[in-house]
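The next block holds one structure in the form of structure tokens; read it before the comments.
If you read the sequence from its start, that first residue is 1, and numbering goes on from there.
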Amino acid sequence: MVGSFAVLGYYGSEIYRKAPPIPHKVVSASGKVLFTGQDIKDGQNVWQSIGGQEVGTVWGHGAYVAPDWTADWLHKEAMYMLDSWAKEAKGTTYEALDEETQAMLRARLQKQIRQNTYDTQTGNLTISDLRAEAIADVSKHYTGLFTNDPALAQYRDAYAIPANTIKDSERMRQMNAFFFWATWACVTNRPDSKITYTNNWPAEKLVANEPTSDLIIWTGFSVIVLIAGVGLLAYYYASHKEEEMEGAELPKKDPLLGLQPTPSMRATLKYFWVVTALIVVQVILGAVTAHYGVEGEAFYGIPLGEWLPYSITRTWHVQLAIFWIATSWLATGLFIAPAVSGYEPKFQSIGVNFLFIALLVIVVGSLAGQWFGVMQKLGLVENFWFGHQGYEYVDLGRFWQIFLLIGLFLWLFLMGRAIWPAFKNQAENRHLLAMFLISSIAIASFYAAGLMWGRQTNLAIAEYWRWWVVHLWVEGFFEVFATVVIAFLFVRMGLLRTKIATPTVLFSTIIFLFGGIIGTFHHLYFSGTPTSVLALGATFSALEVVPLVLIGFEAYHNLTLSRATEWIKAYKWPIYCFVAVAFWNLVGAGIFGFVINPPIALYYMQGLNTTPVHGHTALFGVYGILGIGLMLFVLKGLAARNVWKDGVISFAFWSINIGLALMVLISVLPIGLMQTWASVEHGLWYARSMEFMQTPTMEILRWLRVIGDTIFAAGAIALGWFVIGLKTGWSLQKETDISPENFPRIKKGEDYINA
């Protein structure tokens with residue numbers, strides 16, 4: 001970890017040094033000032049206020065209905081200049097010219113547009129008068145698109161952008177300045193280099209944006225690293241076959257039957273009610289968001305986009321996923337800590353209840369702030385603090401970020417004080433407890449990376465820190481925490497010995513973080529970063545996949561445990577969730593992750609629907625279903641003697657998993673693969689354009705998502721119904737399990753009686 005973070009930090013400083021500069025002024029050759037640096041910075045804030053990465057993408061990161069604004073701007077700007085020269089030379093359009101003349105004009109364009117004319121002494125960026133005209137033309141198009149030009153109504157509908165999304169002409173001018181700057185970084189060569197600031201991304205033949213040799217070389221190297229890593233891990237598994245417990249060693253009765261939940265443990269129940277409610281709301285918002293892809297600003301004829309535009313529903317859909325998954329995991333930790341130590345600190349339940357209220361305030365406050373921001377009811381400074389930051393997965397305003405960070409440290413304090421006595425009492429478990437505490441500290445502290453950028457930080461630098469949160473916090477240390485928690489649960493139930501669990505957890509952590517920490521760079525290939533980031537990201541992201549390839553061992557082990565003894569069947573559905581997590585880890589994080597991770601693949605796929613294929617199957621398939629599994633485990637532990645009815649929870653489990661698979665396989669993945677073909681053949685601008693995305697074939701594929709979404713939503717609603725039924729009784733069998741062998745026996749006089 002020390003070595004990996006040293007590398008991450010060093011190349012982070014390189015990103016600071018070599019990020020695309022924001023010019024003091026953008027000036028035409030004739031001396032006209034087009035934009036100032038402050039216009040560009042304010043324009044970035046305007047873009048963030050309307051949803052930022054929730055409205056199309058910039059540098060390939062964000063949402064997938066509207067275009068990538070940098071690829072779209074670049075193509076429009078290039079075509080304006082080519083058409084101008086064609087009209088001047090031949091009196092016609094560029095497309096109508098013969099191939100030789102087209103080639104000559106492309107060469108002229110490339111020479112002019114790729115040359116870096118940024119003056120480090122004055123801080124000014126000088127461009128030709130023709131390019132200034134092109135900028136004005138594209139700006140006019142975007143102004144009409146984001147305001148209310150009737151001629152662009154069809155585009156607004158295709159992109160799910162409401163009319164008058166931006167209500168102020170000055171704000172629109174500033175956002176155009178930001179779009180120009182972000183596009184300039186995509187096509188302008190770095191100083192003393194033939195490669196652009198974004199490593200020649202996006203693909204655009206008109207301006208000679210084509211894959212670099214580094215992309216191809218490091219793609220090949222990443223595949224070699226993957227094969228070597230899988231081979232070494234397979235050897236390890238073969239030579240260190242996990243020591244299995246004999247059937248005779250397994251407990252004869254459920255160890256949790258004797259568990260007496262403390263007040264703080266019982267206080268976690270309300271967390272899971274909220275988790276269940278948020279799952280249902282999040283799934284409904286996901287269905288609405290997906291539907292905007294086919295009906296623009298309406299939901300089956302209802303003009304929902306007027307009050308809840310796409311950028312809001314997608315923001316809430318993504319944000320609620322993070323909230324409910326994190327809440328489930330945090331509540332599980334609060335439940336486990338006293339159970340492991342056997343100690344309930346004074347006022348622990350008050351702390352758990354206070355944290356619950358704080359989390360509710362953060363959820364409601366941040367979602368409300370995002371709505372006010374997108375509806376343009378906040379100033380740019382107020383929007384940064386209380387509204388919409390515009391960065392995917394960390395959309396909430398800075399105030400809510402700080403509030404959440406404080407909440408995480410309160411959670412850490414509650415966890416630490418409850419589990420600390422166990423260090424004195426459980427020598428055998430001490431190493432596992434240490435891992436539990438370290439992972440808890442990492443969860444609380446690494447969210448602080450989200451505070452490392454300011455309101456007007458260069459986008460390349462903000463992206464670097466954003467991925468610290470998304471990749472290291474969510475995908476990294478939550479993964480370690482989950483591994484430790486599951487090990488604790490199995491040890492507590494007597495299904496796994498501590499001497500096996502501890503080295504297994506340590507080994508899993510080492511393997512995952514060895515690739516995972518530096519593997520953060522695979523998100524930053526084309527975000528204004530130097531080539532060295534590409535090399536490191538390609539190599540270590542391949543290593544991230546290695547442990548996932550052989551994760552079938554874990555799935556098989558968990559499935560075997562679920563059938564080991566009669567009493568374990570009561571925990572069938574939590575353990576089935578762990579099996580599903582292993583499956584989606586292999587498919588979603590492993591296969592679909594590696595499909596887009598190699599540099600040459602991501603060069604053409606970044607910003608296409610191949611990314612949400614990985615996102616849905618990894619975020620929900622792994623972390624979401626794990627959160628559901630942990631919730632079910634705790635709900636069972638809080639009332640171990642209750643016997644669950646299988647019908648509704650069985651339907652929920654299979655519907656969620658089958659619906660997720662169908663959503664991806666018959667809709668999102670085919671759309672992504674067709675877009676990839678279009679991106680390779682014509683460029684990203686075309687793969688994301690209205691002309692391609694609104695073809696009949698693509699319309700049918702988007703409508704097919706209704707099948708998977710409906711099954712998935714039915715499963716989520718059934719899960720909510722089941723959890724409510726645990727309280728009301730309709731999810732429980734009328735008779736609880738009262739067989740004598742499942743209850744502890746108490747000596748009364750000379751006789752033993754059932755407790």
Side-chain angles (χ1 to χ4, degrees), residues 54 56-57 62-67 154 157-160 279-280 282-302 304-305 308 310 313-314 317-318 321 580 583-584 587-588 591-593 595-596 604-605 607-621 624-625 651-681 684 686-718:
E54 308 294 355
T57 56
Y64 309 99
V65 172
Q154 187 180 3
D157 190 60
Y159 299 156
I279 290 173
V280 174
Q282 190 235 342
V283 169
I284 292 171
L285 287 168
V288 173
T289 303
H291 190 79
Y292 280 149
V294 294
E295 216 177 332
E297 300 172 55
F299 186 72
Y300 294 103
I302 303 169
L304 192 61
L308 288 178
Y310 173 89
T313 60
R314 189 178 189 274
H317 175 64
V318 172
F583 170 80
W584 289 114
V587 175
I591 296 172
F592 291 143
V595 162
I596 63 174
Y604 290 108
M605 289 181 172
L608 304 183
N609 274 271
T610 45
T611 302
V613 167
H614 168 58
H616 281 85
T617 53
L619 182 59
F620 191 95
I625 292 179
F651 174 81
F653 175 82
W654 291 111
S655 292
I656 286 172
N657 282 280
I658 292 170
L660 180 59
L662 290 176
M663 176 200 311
V664 167
L665 294 176
I666 67 175
S667 179
V668 186
L669 181 60
I671 290 172
L673 294 177
M674 290 186 69
Q675 282 185 299
T676 301
W677 171 85
S679 178
V680 173
E681 189 72 16
L684 179 66
Y686 180 70
R688 294 281 298 273
S689 67
M690 181 186 74
E691 290 74 17
F692 180 74
M693 291 300 292
Q694 299 301 317
T695 58
T697 302
M698 300 299 272
E699 283 279 306
I700 291 170
L701 287 173
R702 282 198 296 277
W703 274 109
L704 283 174
R705 181 168 169 172
V706 171
I707 299 170
D709 282 3
T710 303
I711 296 171
F712 185 88
I717 293 170

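Nearest heavy atom pair, residue P670 against residue V664, reads CD-O, 3.7 Å. L669 and L665 make their closest contact through CD2-CD2, 4.2 Å (heavy atoms, listed as atom of the first residue, atom of the second, distance). Between D157 and E297 the shortest heavy-atom distance is OD1-N, 3.8 Å. Closest heavy-atom contact between A160 and G296: CB-O, 3.4 Å. Shown here for F299 and A287, the closest heavy-atom pair between the two residues is CE1-O, 4.3 Å. Between L662 and G708 the shortest heavy-atom distance is CB-CA, 3.9 Å.
Residues meeting the salt bridge (charged side-chain N to carboxylate O under 4.0 Å, His left out) test with R314, sequence neighbours left out: E54, E392.
Proximity of H616 to V668: side-chain heavy atoms (C-beta onward) are nowhere separated by under 4.5 Å. Looking at heavy atoms from C-beta onward, Q694 lies in side-chain contact with R702 at the 4.5 angstrom threshold. Two residues are said to be in side-chain contact when any heavy atoms from C-beta on lie closer than 4.5 Å; Y686 and E681 fail this criterion. By the 4.5 Å heavy-atom criterion applied to side chains, L608 and T676 are counted as neighbours. For the pair V595 and H614, the minimum side-chain heavy-atom distance is 4.5 Å or more. The shortest side-chain heavy-atom distance between Q675 and L684 does not fall under the 4.5 Å cut-off. V288 has its side chain out of reach of L308: every pair of non-hydrogen atoms, C-beta onward, lies at least 4.5 Å apart. Counting heavy atoms from C-beta on, the side chains of V65 and Y292 never come closer than 4.5 Å.
Within the structure, salt bridge (Lys or Arg N to Asp or Glu O under 4.0 Å) contacts touching residues 651-675 (residues at least two apart or in different chains) do not occur. Within the structure, every pair that satisfies the side chain to side chain donor-acceptor pair (under 3.5 Å) test and touches residues 656-672, not counting sequence neighbours, is listed here: W584-N657.
Ring geometry for H291 versus W703: interplanar angle over 60°, hence perpendicular rather than tilted (30 to 60°). F620 and F712 have perpendicular rings, their planes meeting at more than 60° on a 0 to 90° scale where under 30° would count as parallel.
Here the straight-line distance linking atom CG of L619 with atom OG1 of T617 works out to 9.5 Å at 0.5 Å rounding. The OH atom of Y604 lies 13.5 Å from the CH2 atom of W677; values are rounded to the nearest 0.5 Å. Note that the CZ atom of F592 and the OG1 atom of T611 stand 12.5 Å from one another [nearest 0.5 Å]. For the atom pair N609 CG and L701 CG, the distance stands at 10.0 Å (nearest 0.5 Å). Rounded to the nearest 0.5 angstrom, W654 CH2 and I711 CD1 are separated by 14.0 Å. One finds the CD1 atom of I700 at 9.0 Å from the OG1 atom of T695 (value rounded to the nearest 0.5 Å).
Heavy-atom neighbours of Q154 CD from other residues, nucleotides or ligands within 6.0 Å: at or below the threshold of 12.
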Please evaluate residues M693 and R688 with respect to the criterion side chain to side chain contact (heavy atoms under 4.5 Å, CB included), reporting the C-alpha separation (whole Å), side-chain torsions for both, the decisive distance (0.1 Å), and the verdict.
CA-CA 7 Å; M693 291 300 292; R688 294 281 298 273; 5.6 Å; no
